[in-house]
Colleague: 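Quick one: the structure is below, questions incoming.
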Amino acid sequence: MLRLTDSLTGDKVEFTPRDPGKASVYWCGPTVYDAPHLGHARSTLAFDILVRYLRWTGLDVTAVSNITDIDDKIIARAADEGTTEPELARRFEDVFIAEMDRLGIAHPDLRPRATEYVDQMISIISQLVDRNMAYTTDSGVYYDVDRLDGYGALAGQSPEQLREGAGARVEVDDDKADPLDFALWKAAKPGEPAWDSPWGSGRPGWHIECVAMSLDLLGDGFDIHGGGDDLVFPHHENERAECLGCGRPFARLWVHNGMVQVGTEKMSKSLGNFRTLADLLDSWDPRALRLLVLQTHYRKTMEIGEATLTTATAALERLDGFARRIAGSDLPDSAADPDAVGRFRTAMDDDLGTAAAMAVVFDAVRDANRALDAEDETSAAALAAAVFELTGVLGLRLGGATSRRGDDGTIDELVAARSTAKAAKDYAEADRIRDDLTARGIVIEDSATGTTWRRN
RNA sequence: GCACCGGUGCCCGAGUGGACCAAGGGAACGGCCUGCAAAGCCGUAAAGCCGCGGGUUCAAAUCCCGCCCGGUGCUCCA
């Protein structure tokens with residue numbers, strides 16, 4: 001049984017779906033005002049892995065992740081570029097999805113946009129106003145935090161504590177009765193996109209969209225709500241307040257992933273000078289990034305940089321090398337080794353222990369290699385099947401059969417020439433050819449069944 | 001200042017009371033294999049105890065207290 005750390009309590013709790021056999025998952029997607037960065041990649045990977053795992057355990061999962069396509073940053077950037085908000089948002093939404101595709105992210109079942117949910121948001125705000133949970137001023141509609149019992153539960157702080165921090169740093173808006181109150185609806189300013197509402201022309205506040213979309217698509221009391229750690233407060237706190245303020249149950253479980261830390265100095269000065277996800281994916285195998293994320297627990301802050309990506313790439317090569325070896329072997333069909341599968345499941349059930357799960361995979365790789373050496377085909381086949389099934393669950397596709405593509409006849413000729421020289425025991429010539437190939441970035445691997453090559 | 005998450009070997013990074021685990025990956029070194037390599041397999045003495053100092057316990061990297069350091073958050077306009 002899967003146990004997950006619930007951000008609301010901080011405890012690991014058993015995941016018990018609202019509807020037996022099903023799971024409803026919502027996580028906060030990007031605000032599309034710029035190209036995605038490494039943090040988007042980490043977070044999206046984390047929930048991709050969660051959803052894949054839930055599905056593998058047999059649950060019928062409905063996964064929803066939103067696109068925030070109206071917000072202050074979008075308005076500002078559109079103005080800067082002299083374009084419209086919808087154009088800008090759509091453009092960066094496309095970029096986001098394209099980059100996530102490169103990462104091998106399974107698309108969420110539904111990807112709603114905020115601007116398509118304004119009516120539903122207005123409806124929720126109306127309920128809050130009717131229930132006296134919100135009040136209206138000239139600048140908009142605000143949520144009255146005092147009216148909700150337990151505001152601050154996600155943040156782990158009392159309203160008093162939160163107020164203390166707020167007062168110390170930020171000028172209090174005159175219109176708000178309490179510095180903790182937050183905007184549900186913002187009155188229109190000249191030149192900004194606006195929608196009609198009972199409170200005049202304006203646009204929705206930041207948090208309300210996720211409430212409208214998650215409740216509409218997944219229903220009250222859906223299973224899991226997630227996002228990056230930085231969204232816990234105020235975003236998720238306020239979402240929760242909005243939903244509870246309507247007298248409706250919100251997410252049953254909160255899951256948050258840790259932040260990505262980039263050693264900015266190192267990063268900007270060294271060779272691999274990447275800042276956006278696109279830059280990174282241009283220089284590294286996207287699967288290396290996924291593997292790196294897998295080898296770190298999802299809640300922990302992690303560093304993504306040249307050094308960690310280099311080791312992840314080496315580890316990935318070990319897996320790919322194994323896949324190639326299997327592709328070159330003629331193993332019988334087999335079910336996945338049950339012991340490996342069981343240990344994998346135990347690891348994942350414990351708060352998505354992907355690092356421990358990968359350890360199971362690497363153990364299986366070693367055991368399979370050993371079985372292959374011992375010509376124990378039955379064991380090798382079962383272990384190999386486990387490796388492929390389990391990496392598949394984690395969204396890692398191992399590149400096996402594509403070790404030598406016939407896209408470069410020159411290389412094939414050189415390899416053949418070397419084999420001829422070797423057969424004639426002309427090792428000087430064979431080594432000369434191999435050095436030549438090495439210089440071209442080609443790695444030669446001899447085996448009992450012949451010589452294969454691949455690009456380094 | 002407040003809250004939360006962290007500080008583990010050469011590096012990354014699992015592990016939250018004990019029993020064949022301080023996992024796994026990377027790097028390094030030695031061996032087997034190889035014409036030599038690569039890949040694969042086997043092994044590696046000093047992780048002497050898991051940021052520091054106390055404490056609880058028969059037993060702690062794992063629990064408690066204090067401290068130091070890092071990250072994140074602390075309302076619309078960020």
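Letters go in sequence order (proteins before strands), and every chain restarts at 1.
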Colleague: Taking U8(B) as the reference, what is the distance to A22(B) when you measure between their C1' atoms (whole Å, please)?
Modeller: 8 Å
Colleague: If you look at every strand shown and take non-hydrogen atoms under 4.0 Å, does D363(A) touch a base, only sugar-phosphate, or nothing?
Modeller: sugar-phosphate
Colleague: Roughly how far apart, to the nearest Å, are A45(B) and A23(B) at atom P?
Modeller: 12 Å
Colleague: Applying the side-chain contact (heavy atoms from CB on, under 4.5 Å) criterion to F322(A), which one of D320(A), L319(A), I326(A) satisfies it?
Modeller: I326(A)
Colleague: Taking a pair as Watson-Crick or G-U wobble with both distances under 3.5 Å, which nucleotide is matched to C76(B)?
Modeller: none
Colleague: Round to a whole Å and report the spacing from CG of D11(A) to C1' of C5(B).
Modeller: 15 Å
Colleague: Please report the distance, rounded to the nearest Å, between CG in L162(A) and P in C4(B).
Modeller: 12 Å
Colleague: For a quick test of reading the model: is some side-chain N or O of K300(A) closer than 4.0 Å to OP1 or OP2 of A14(B)?
Modeller: yes
Colleague: Name every residue in residues 416-430 of chain A that has at least one heavy atom under 4.0 Å from any atom of RNA chain B, in order of residue number, or write none if there are no such residues.
Modeller: R418(A), K422(A), Y427(A)
Colleague: Looking only at side-chain atoms of D72(A), point me to the closest of G25(B), C77(B), A23(B).
Modeller: C77(B)
Colleague: To the nearest 0.5 Å, how far apart are CD1 in I122(A) and CH2 in W199(A)?
Modeller: 6.0 Å
Colleague: Using atom C1' of each nucleotide, how far apart are G73(B) and A78(B) to the nearest Å?
Modeller: 13 Å
Colleague: Verify the distance criterion only: is there a donor paired with an acceptor across the side chains of R325(A) and N369(A) at less than 3.5 Å?
Modeller: yes
Colleague: Assess the side chains of N66(A) and Y117(A): does a donor N or O sit below 3.5 Å from an acceptor N or O?
Modeller: no
Colleague: Whole-Å distance between A37(B) C1' and D431(A) CG?
Modeller: 8 Å
Colleague: Any donor-acceptor pair under 3.5 Å linking the side-chain atoms of Y53(A) with those of D349(A)?
Modeller: yes
Colleague: When you compare G53(B) with A60(B), how far apart are their C1' atoms, in angstrom units rounded to a whole number?
Modeller: 16 Å
Colleague: Taking only Lys NZ, Arg NE, NH1 and NH2, and the carboxylate oxygens of Asp or Glu, determine whether R203(A) and D72(A) approach each other closer than 4.0 Å.
Modeller: yes
Colleague: Using atom P in both nucleotides, what's the gap between A38(B) and A28(B) to the nearest angstrom?
Modeller: 11 Å
Colleague: Contact class for A315(A) vs. all strands (heavy atom < 4.0 Å): base, sugar-phosphate, or nothing?
Modeller: sugar-phosphate
Colleague: So, taking the atom named SG in C210(A) and the one named CG in L231(A), what distance separates them when rounded to the nearest 0.5 Å?
Modeller: 8.5 Å
Colleague: Under a 3.5 Å cut-off for both contacts, is A59(B) paired Watson-Crick or G-U wobble with anything, and if yes, with which nucleotide?
Modeller: none
Colleague: On a whole-Å scale, what distance lies between the P atoms belonging to G25(B) and G43(B)?
Modeller: 12 Å
Colleague: Under a 3.5 Å cut-off for both distances, is C4(B) Watson-Crick or wobble paired, and to whom?
Modeller: G71(B)
Colleague: What distance, rounded to whole Å, do you find between the two P atoms, one in C67(B) and one in C2(B)?
Modeller: 10 Å
Colleague: Regarding R318(A), tell me which of base, sugar-phosphate or nothing describes its non-hydrogen contacts under 4.0 Å with the strands shown.
Modeller: sugar-phosphate
Colleague: If I take atom CD in residue Q161(A) and atom C1' in nucleotide C74(B), what distance separates them, rounded to the nearest angstrom?
Modeller: 11 Å
Colleague: For G48(B), what is the paired nucleotide under Watson-Crick or G-U wobble rules, both distances under 3.5 Å?
Modeller: none
Colleague: Do any N or O atoms of the protein come closer than 3.5 Å to N or O atoms of nucleotides 70-73 of chain B, and which pairs are they?
Modeller:
from   : atom 1 : to      : atom 2 : distance (Å)
G73(B) : O2'    : F233(A) : O      : 2.9
G73(B) : N2     : Q157(A) : NE2    : 3.1

Colleague: Does A27(B) have a Watson-Crick or wobble partner in any strand here, with both distances under 3.5 angstrom, and which is it?
Modeller: none
Colleague: If you check every side-chain atom of A355(A), which of G13(B), C42(B), U16(B) has the closest atom?
Modeller: G13(B)
Colleague: Using purine N1 to pyrimidine N3 plus N6-O4 or O6-N4 for Watson-Crick, or N1-O2 and O6-N3 for G-U wobble, both under 3.5 Å, which nucleotide pairs with U16(B)?
Modeller: none
Colleague: So, S158(A) side chain and Q161(A) main chain: donor-acceptor pair closer than 3.5 Å or not?
Modeller: yes
Colleague: Apply side chain to side chain donor-acceptor pair (under 3.5 Å) to Y151(A) and D146(A), showing your working.
Modeller: CA-CA 8 Å; Y151(A) 183 80; D146(A) 270 341; over 6 Å; no
Colleague: With rounding to the closest Å, how many angstrom separate the P atoms on A19(B) and G66(B)?
Modeller: 29 Å
Colleague: Scan G156(A) against the nucleic acid and name what it touches under 4.0 Å (heavy atoms): base, sugar-phosphate only, or nothing.
Modeller: sugar-phosphate
Colleague: Please determine, by modelled atom types, if D119(A) and W195(A) share a side-chain donor-acceptor pair under 3.5 angstrom.
Modeller: no
Colleague: Once you measure the plane-to-plane angle for H225(A) and H236(A), does it fall in the parallel (<30°), tilted (30-60°) or perpendicular (>60°) bin?
Modeller: perpendicular
Colleague: Please check the phosphate of A38(B) (OP1 and OP2 only) for any side-chain N or O of R434(A) closer than 4.0 Å.
Modeller: no
